[in-house]
A.B. asks: 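The structure that follows is given in the form of structure tokens.
Every number for a ligand or one of its atoms is a count from 1 in the order of the listing. Only this structure's heavy atoms are used, side chains among them; waters, hydrogens and symmetry mates stay out.
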Amino acid sequence: MINIAVTAEAGDETRVAVSPETVKKFTGLGAKVIVQSGAGERSRFSDQVLKDAGAEIAASASEAAGKADILLAVRRPSMETMKALKPGAVVVAMMDPFGERAALDELAGTGTTTFTMEFMPRITRAQSMDVLSSQANLAGYKAVVDAASMFEQAMPMMMTAAGTVPAAKIFIMGVGVAGLQAIATGRRLGGIVSATDVRPATKEQVASLGAKFIAVEDEEFKQAQTEAGYAKPMSEAYQKKQAELVASHIANQDIVITTALIPGRPAPKLITKAMVESMKPGSIIVDLAAERGGNCELTKPGDIADHGGVRIAGPINLAGSVPVNASALYSRNLLTFLTPFIDKESGDFKIDWDDELVKGTLLTKDGKVVHPNLQPKTDGE
Ligand code: NAD
């Protein structure tokens with residue numbers, strides 16, 4: 001029988017890597033789930049609820065980690081927790097592979113095998129394990145709901161005896177998973193929604209959600225998607241044309257939600273100070289790229305900036321503000337990833353090292369950071 005441990009997250013992190021549902025499922029597969037007391041509290045999964053689902057509650061992180069064959073976490077665990085693990089233990093978390101490299105090397109030095117869920121290959125088989133999607137979807141929803149609550153006007157058009165209330169104009173920049181959900185949420189709330197992206201595939205998606213697509217559709221735009229489905233960094237010339245188009249559109253918007261990201265790079269700057277100054281006082285920008293530097297020049301990550309009455313929110317970890325859903329979906333992503341490696345008969349855990357998803361997410365092994373994306377670049381690359 002294998003032991004799966006879950007420790008409490010540090011700092012402001014509200015999410016947890018387990019839910020009553022995944023405790024039941026892992027237990028059903030023959031595993032024992034050991035959860036640090038209080039770990040689920042901020043996701044409204046009390047010790048009792050987790051216990052009722054079949055978990056064992058441990059008094060401390062080191063007690064839980066010390067018994068673990070597999071440690072599940074939301075964020076990169078602390079060195080203290082890593083050192084408490086048994087030799088040969090496996091950690092599965094969002095390890096922030098591009099962040100704090102020295103700390104990552106130190107962590108690798110413990111000899112633990114770690115998998116980072118952010119690197120889950122974006123193939124059909126792995127859709128149900130894709131933590132970026134499960135969390136971005138909730139973030140896109142919450143960005144619009146938060147913007148609506150900050151906005152001092154109504155969202156839908158209302159025709160009343162006292163006159164007409166106009167619909168809010170909402171502009172979504174970046175139509176990935178978060179952007180698509182933001183469009184859908186903006187439409188549900190009655191806004192007039194437009195959206196932009198550099199990947200041509202998004203044009204049809206935007207239209208199918210009933211929003212207007214706005215983009216510079218030149219030759220570069222037609223090539224802007226990588227095989228993995230992500231955006232490529234755009235040339236300076238493209239960015240200039242894009243900025244001109246956005247500048248004229250943004251001046252008439254009430255709410256702007258930005259989600260534009262390029263993997264492994266700082267967020268592209270799409271909204272300049274001058275563009276913010278062209279917007280009406282009372283307008284709201286929610287910058288979902290804040291954690292990676294922001295899509296707006298004036299974004300203050302983790303804060304709300306006020307520039308001439310235009311408020312720019314730079315939330316970090318918006319999915320964490322709907323922790324009940326975020327934890328439920330995240331822990332289900334982990335369950336789906338690990339299930340094939342747990343033998344239903346014997347309850348043994350055996351990783352298939354040839355599996356594409358294992359290779360894609362393996363971050364550290366045998367004392368080193370082993371992921372190809374994190375190796376020093378050789379000349380000519
Ligand atoms: P992301 O978070 O990396 O980026 C968000 C969006 O920003 C992307 O749509 C990107 O094109 C856009 N962007 C980047 N630079 C921009 C710029 N200068 N101006 C405007 N927009 C810009 O993306 P994501 O949400 O992770 O999704 C990327 C793609 O991967 C989508 O097509 C999604 O459907 C696909 N996907 C596939 C799977 C799967 O098959 N398993 C899972 C999830 C997502």
Side-chain angles (χ1 to χ4, degrees), residues 94 97-98 117-141 143 171-184 194-206 208-209 211 213-218 220-247 249-250 256-272 275 285-297 317-319 329-330 332-333 336-337 356-357 360-361 373:
M94 290 191 280
F98 293 111
M117 292 299 282
E118 296 99 318
F119 281 168
M120 186 58 70
R122 295 200 127 173
I123 56 170
T124 308
R125 175 162 75 94
Q127 262 174 2
S128 54
M129 310 168 203
D130 190 331
V131 298
L132 296 183
S133 293
S134 73
Q135 306 302 295
N137 182 51
L138 290 169
Y141 155 79
F171 182 38
I172 314 294
M173 303 183 75
V175 188
V177 179
L180 285 170
Q181 186 56 256
I183 295 174
S194 57
T196 187
D197 200 295
V198 290
R199 289 183 300 113
T202 59
K203 185 176 178 175
E204 218 177 281
Q205 295 167 352
V206 169
S208 73
L209 287 170
F213 189 65
I214 291 171
V216 177
E217 298 181 44
D218 63 4
E220 191 177 345
F221 171 83
K222 289 180 193 145
Q223 316 291 331
Q225 179 154 328
T226 65
E227 271 180 30
Y230 287 111
K232 290 181 185 164
M234 304 305 274
S235 70
E236 253 178 56
Y238 184 93
Q239 285 178 37
K240 191 162 172 276
K241 285 191 268 182
Q242 188 186 26
E244 281 162 15
L245 181 72
V246 168
H249 186 65
I250 223 169
V256 181
I257 311 287
T258 68
T259 77
L261 287 175
I262 298 153
R265 290 177 178 260
K269 287 278 178 278
L270 302 177
I271 305 181
T272 61
M275 291 182 200
I285 299 172
V286 178
D287 190 346
L288 280 188
E291 208 162 342
R292 297 257 295 277
N295 289 140
C296 174
E297 257 174 31
N317 188 13
L318 251 196
L329 297 184
Y330 177 73
R332 212 176 293 155
N333 293 143
T336 319
F337 176 48
E356 190 182 353
L357 310 184
T361 51
N373 291 5

A.B. asks: Okay, side chain of K222, backbone of E217: is any donor-acceptor separation there less than 3.5 Å?
C.D. replies: no
A.B. asks: Among all protein heavy atoms, pick out the one at the shortest distance from atom 29 (C) of ligand 1; state its residue, atom name and that distance to 0.1 Å.
C.D. replies: G229 O, 3.0 Å
A.B. asks: What residue and atom, counting heavy atoms only, is the protein's closest point to atom 42 (C) of ligand 1, and at what distance?
C.D. replies: D130 OD2, 2.9 Å
A.B. asks: Closer than 3.5 angstrom, by distance alone: can the side chain of K232 be matched with the main-chain N or O of V198 as a donor-acceptor pair?
C.D. replies: no
A.B. asks: Measure the shortest side-chain to side-chain distance between I183 and V175 over non-hydrogen atoms and say whether it is less than 4.5 angstrom.
C.D. replies: yes
A.B. asks: Between ligand 1 and A178, is the shortest N or O to N or O distance under 3.5 Å?
C.D. replies: no
A.B. asks: With backbone taken as N, CA, C and O and side chain as the heavy atoms from C-beta onward, which portion of T202 lies under 4.0 Å from ligand 1: side chain, backbone, both, or neither?
C.D. replies: neither
A.B. asks: Could you pull out all residues at least two apart from S128 that satisfy side chain to side chain contact (heavy atoms under 4.5 Å, CB included)?
C.D. replies: T336
A.B. asks: Going by the closest heavy atom to atom 10 (C) of ligand 1, which one wins out of L288, I123, D197?
C.D. replies: D197
A.B. asks: Check whether any side-chain N or O of Q239 sits under 3.5 Å from a backbone N or O of M234 as a donor-acceptor pair, and report yes or no.
C.D. replies: yes
A.B. asks: Does T202 use its side chain to pair, donor to acceptor, with the backbone of Q205 at less than 3.5 Å?
C.D. replies: no
A.B. asks: With heavy atoms only and a cut-off of under 4.0 Å, state how S133 meets ligand 1: side chain, backbone, both or neither.
C.D. replies: side chain
A.B. asks: Name the closest protein heavy atom to atom 26 (O) of ligand 1, giving the residue it belongs to and the distance to 0.1 Å.
C.D. replies: R122 NH1, 2.5 Å
A.B. asks: Quick test: of every protein heavy atom, which one is nearest to atom 13 (N) of ligand 1, and how far off is it to 0.1 Å?
C.D. replies: A260 CB, 3.8 Å
A.B. asks: Just to confirm my output: which protein heavy-atom neighbour is closest to atom 33 (C) of ligand 1, and how far is it?
C.D. replies: V177 CG2, 4.4 Å
A.B. asks: For atom 41 (N) of ligand 1, what is the nearest protein heavy atom, given as residue, atom name and distance?
C.D. replies: Q127 CG, 3.1 Å
A.B. asks: In this structure, does ligand 1 have an atom that sits under 4.0 Å from one of the heavy atoms of L132?
C.D. replies: no
A.B. asks: Any heavy atom of Q242 sitting closer than 4.0 Å to ligand 1?
C.D. replies: yes
A.B. asks: With heavy-atom distances below 4.5 Å as the criterion, would you say the side chains of Q127 and S133 are in contact?
C.D. replies: no
A.B. asks: Taking Y238 for its side chain and D218 for its backbone only, find out whether a donor-acceptor pair lies under 3.5 Å.
C.D. replies: no
A.B. asks: Can you find a non-hydrogen atom of G179 under 4.0 Å from ligand 1?
C.D. replies: no
A.B. asks: Kindly determine whether E236 and K240 satisfy salt bridge (Lys or Arg N to Asp or Glu O under 4.0 Å), including the steps that lead there.
C.D. replies: CA-CA 6 Å; E236 253 178 56; K240 191 162 172 276; over 6 Å; no
A.B. asks: Look at the side chain of T259 and the backbone N and O of G174, then say whether any donor-acceptor pair between them is shorter than 3.5 Å.
C.D. replies: yes
A.B. asks: With sequence neighbours excluded, what pairs up with Y330 under the ring pair (Phe, Tyr, Trp, His ring centres under 6.0 Å) test?
C.D. replies: none
A.B. asks: Any sub-3.5 Å donor-acceptor pair from N295's side-chain atoms to A260's backbone N or O?
C.D. replies: yes
A.B. asks: When you measure from the heavy atoms of R199 to every atom of ligand 1, does any distance fall below 4.0 Å?
C.D. replies: yes
A.B. asks: Under 4.0 Å, heavy-atom basis, I'd like to know which part of V198 is in contact with ligand 1: side chain, backbone, both or neither.
C.D. replies: both
A.B. asks: G176 heavy atoms, cut-off 4.0 Å: which ligand 1 atoms fall inside?
C.D. replies: 6 (C), 8 (C), 9 (O), 25 (O), 27 (O)
A.B. asks: Which of the listed options, V216, T226, T259, holds the heavy atom that is closest to atom 5 (C) of ligand 1?
C.D. replies: T259
A.B. asks: Judged on heavy-atom distance to atom 2 (O) of ligand 1, which of L261, I262, I172 sits nearest?
C.D. replies: L261
A.B. asks: Looking only at N/O atoms, are L270 and ligand 1 under 3.5 Å apart anywhere?
C.D. replies: no
